[in-house]
Amino acid sequence: MTVGLVDLVWQGVRTAAELADRSGTDRRTLSALLAYLVELEVLSAGPDGYRLTPVGEELVEDDHSSQEYDLRGAHAALDLSLSGLHETLRTGRAGFRTASGAPLAVALAADERLGASAREAVEDEALWIAPGVRTGYDWQAAGSVTLAGGGAGAVAGTLAAAFPALRVRVAALPSALRTVAERVLESAVRDRVELVPTGGPVPSGDRIVLLCRLLEQLPDEDAVLALRENAAAVPEDGALLLVEQVEGADGIERDTEAALHHLRLKAAFGSGVRTEDDFERLAALAGLRVASRRDIGWDHRLWELAPAR
């Protein structure tokens, strides 16, 4: 998927020589790859050249597969992060480094294409929890909200559509806001959501600050700082809301998908899939207490946090 090989065969390119020319790859190396893809039954080889098998056709037709198997994207980067697991197991910190030697968090910030891919992936997942956020708080009385975090765009769009009187802002780096504007927000609400460029905590000015999956890519010490700094933007009559995925009731020991996600996050960022108690411990370290907690589905929680007394 990374060099567009499957798409080229789908378009009717049949020979190894033409596929190498069109994809800009080394002919001998590509011939070996084609033979391997035939063995995997992604391609078939016949007198008229290469064709897609049903498996190959599914890769072309399924947008999720095309993103997941593109080595330039965030899905592949998270999978590759497992190569640093030995270091993570030994130290408890992010062990993965990209080909350039940078931690994945640094690469996401420096590489706009990779960062946009990661943002889109989290925003797509946030669409599933957005209805729970919409019904999990009294937004009619909120007046205004600033959102930050990986799923902020999807949730902001849902809130703007459901509550026309609500002032909605999303605060993020300019490159992230470009992804939100171009690929996340529906045209019907795009003018209702104000995009605020920032390289740090959210700006003040709204009664409610909602952090949506902001902490999942942060190690504990960075998560505590993020909570403390963003809480400073909340006025006395306001509220800090936190939405994050938590470990399911069965625990990661009995949920292989959650266990794999934990390993990826831990190796890539030093974070992992946290429990409810983990998040509430981080909040306490940031000088915050839990005013309320709500299960919003899909193993996500919505916390209302207030200054500790």
Side-chain angles (χ1 to χ4, degrees), residues 63 115-116 118-216 226-227 229-245 288 290-307:
D63 289 339
R119 182 84 193 203
E120 277 190 87
V122 177
E123 294 283 8
D124 283 346
E125 293 173 0
L127 288 171
W128 293 94
I129 62 168
V133 177
R134 178 181 44 115
T135 59
Y137 190 74
D138 184 8
W139 295 107
Q140 295 282 12
S144 61
V145 58
T146 297
L147 300 94
V155 174
T158 296
L159 295 178
F163 303 100
L166 181 67
R167 177 193 179 194
V168 181
R169 300 193 300 174
V170 173
L173 290 166
S175 58
L177 293 179
R178 184 160 47 251
T179 301
V180 169
E182 296 175 356
R183 308 182 191 181
V184 178
L185 292 175
E186 299 287 343
S187 58
V189 299
R190 200 168 294 146
D191 292 340
R192 292 260 352 274
V193 178
E194 181 183 351
L195 304 180
V196 183
T198 179
V202 301
S204 58
D206 288 326
R207 283 194 62 247
I208 310 298
V209 171
L210 171 57
L211 307 179
C212 185
R213 296 182 65 167
L214 179 71
L215 307 186
E216 72 174 9
L227 286 171
E229 289 184 336
N230 283 286
V234 180
E236 287 189 8
D237 65 339
L240 176 64
L241 305 182
L242 177 67
V243 173
E244 295 286 347
Q245 181 183 357
L288 302 167
V290 176
S292 66
R293 181 199 317 112
R294 186 183 182 96
D295 184 342
I296 59 172
W298 303 98
D299 289 333
H300 280 68
R301 301 292 183 270
L302 168 62
W303 287 271
E304 180 177 351
L305 303 175

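In this text the structure is predicted, and so the values were computed from the model without any measurement. Values below: every heavy atom of this structure, side chains too, minus hydrogens, waters and symmetry copies.
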Worksheet item: Which pair of non-hydrogen atoms, one from Val209 and one from Ala233, has the smallest distance, and what is that distance?
Response: CG2-CB, 4.4 Å
Worksheet item: In Å, rounded to the nearest 0.5 Å, how long is the span from NE2 of His300 to CZ of Arg294?
Response: 15.5 Å
Worksheet entry | Nearest-0.5 Å distance that lies between atom CZ in Arg178 and atom CG in Leu173 | 10.5 Å
Worksheet entry | Worked verdict on Arg119 versus Val180 for side chain to side chain contact (heavy atoms under 4.5 Å, CB included) | CA-CA 8 Å; Arg119 182 84 193 203; Val180 169; 3.9 Å; yes
Discussion item. So Glu123 and Thr179, do their side chains get closer than 4.5 Å, heavy atoms only?
Written reply: no
Practice prompt. Report yes if some heavy atom in the side chain of Arg169 is under 4.5 Å from a heavy atom in the side chain of Val145; otherwise report no.
Written response: no
Item to complete: Heavy atoms only: give me the nearest Val234-Ala239 pair and the separation to one decimal.
Response: CG1-N, 3.3 Å
Worksheet item: Would one find more than 12 heavy atoms of other residues, nucleotides or ligands at under 6.0 Å from atom CD of Glu186?
Response: no
Fill in: Side-chain touch Leu215/Leu242, heavy atoms, less than 4.5 angstrom
yes
Worksheet item: Are the charged groups of Glu125 and Arg213 less than 4.0 angstrom apart, N to O?
Response: yes
Worksheet item: Within a strict 4.5 Å, meaning less than it, do heavy atoms of the Arg134 and Phe163 side chains meet?
Response: yes
Worksheet item: Between Thr146 and Ala171, which heavy-atom pair has the shortest distance, and what is it?
Response: CG2-CB, 4.0 Å
Worksheet item: Checking side chain to side chain contact (heavy atoms under 4.5 Å, CB included) for the pair Ile208/Trp139: CA distance, chi angles, key distance, verdict?
Response: CA-CA 9 Å; Ile208 310 298; Trp139 295 107; 4.1 Å; yes
Practice prompt. State the CZ-CD distance between Arg301 and Gln245, to the nearest 0.5 angstrom.
Written response: 10.0 Å
Response to the item:
Nearest heavy-atom approach of Pro201 to Asn230 is CA-OD1, 3.5 Å
Worksheet entry | Heavy-atom closest pair, residues Val196 and Pro203 | CG1-CG, 3.8 Å
Worksheet entry | Flag, side chain of Glu244 to backbone of Leu214, donor-acceptor distance under 3.5 Å | yes
Practice prompt. Begin from the C-alpha positions of Thr158 and Val133 and carry the test side chain to side chain contact (heavy atoms under 4.5 Å, CB included) through to its verdict.
Written response: CA-CA 9 Å; Thr158 296; Val133 177; over 6 Å; no
Practice prompt. Please confirm whether the backbone N or O of Ala161 pairs with a side-chain atom of Arg192, one donor and one acceptor, at under 3.5 Å?
Written response: no
Practice prompt. Begin with the C-alpha distance, continue with both residues' side-chain angles, and end with the deciding distance and a verdict on side chain to side chain contact (heavy atoms under 4.5 Å, CB included) for Tyr137 and Leu210.
Written response: CA-CA 11 Å; Tyr137 190 74; Leu210 171 57; over 6 Å; no
Practice prompt. Run through Leu211, Leu288, Leu241, Val290 and flag the one making a side-chain contact (heavy atoms from CB on, under 4.5 Å) with Trp303.
Written response: Val290
Worksheet entry | Full working for side-chain hydrogen bond (donor to acceptor under 3.5 Å, both in side chains) between Arg167 and Ser144 | CA-CA 4 Å; Arg167 177 193 179 194; Ser144 61; 5.1 Å; no
Discussion item. With rounding to the nearest 0.5 angstrom, report the CD1 to CD1 distance, Ile296 to Ile129.
Written reply: 5.0 Å
Worksheet item: How close do Val189 and Ala160 get, heavy atom to heavy atom, and via which atoms?
Response: CB-CB, 4.2 Å
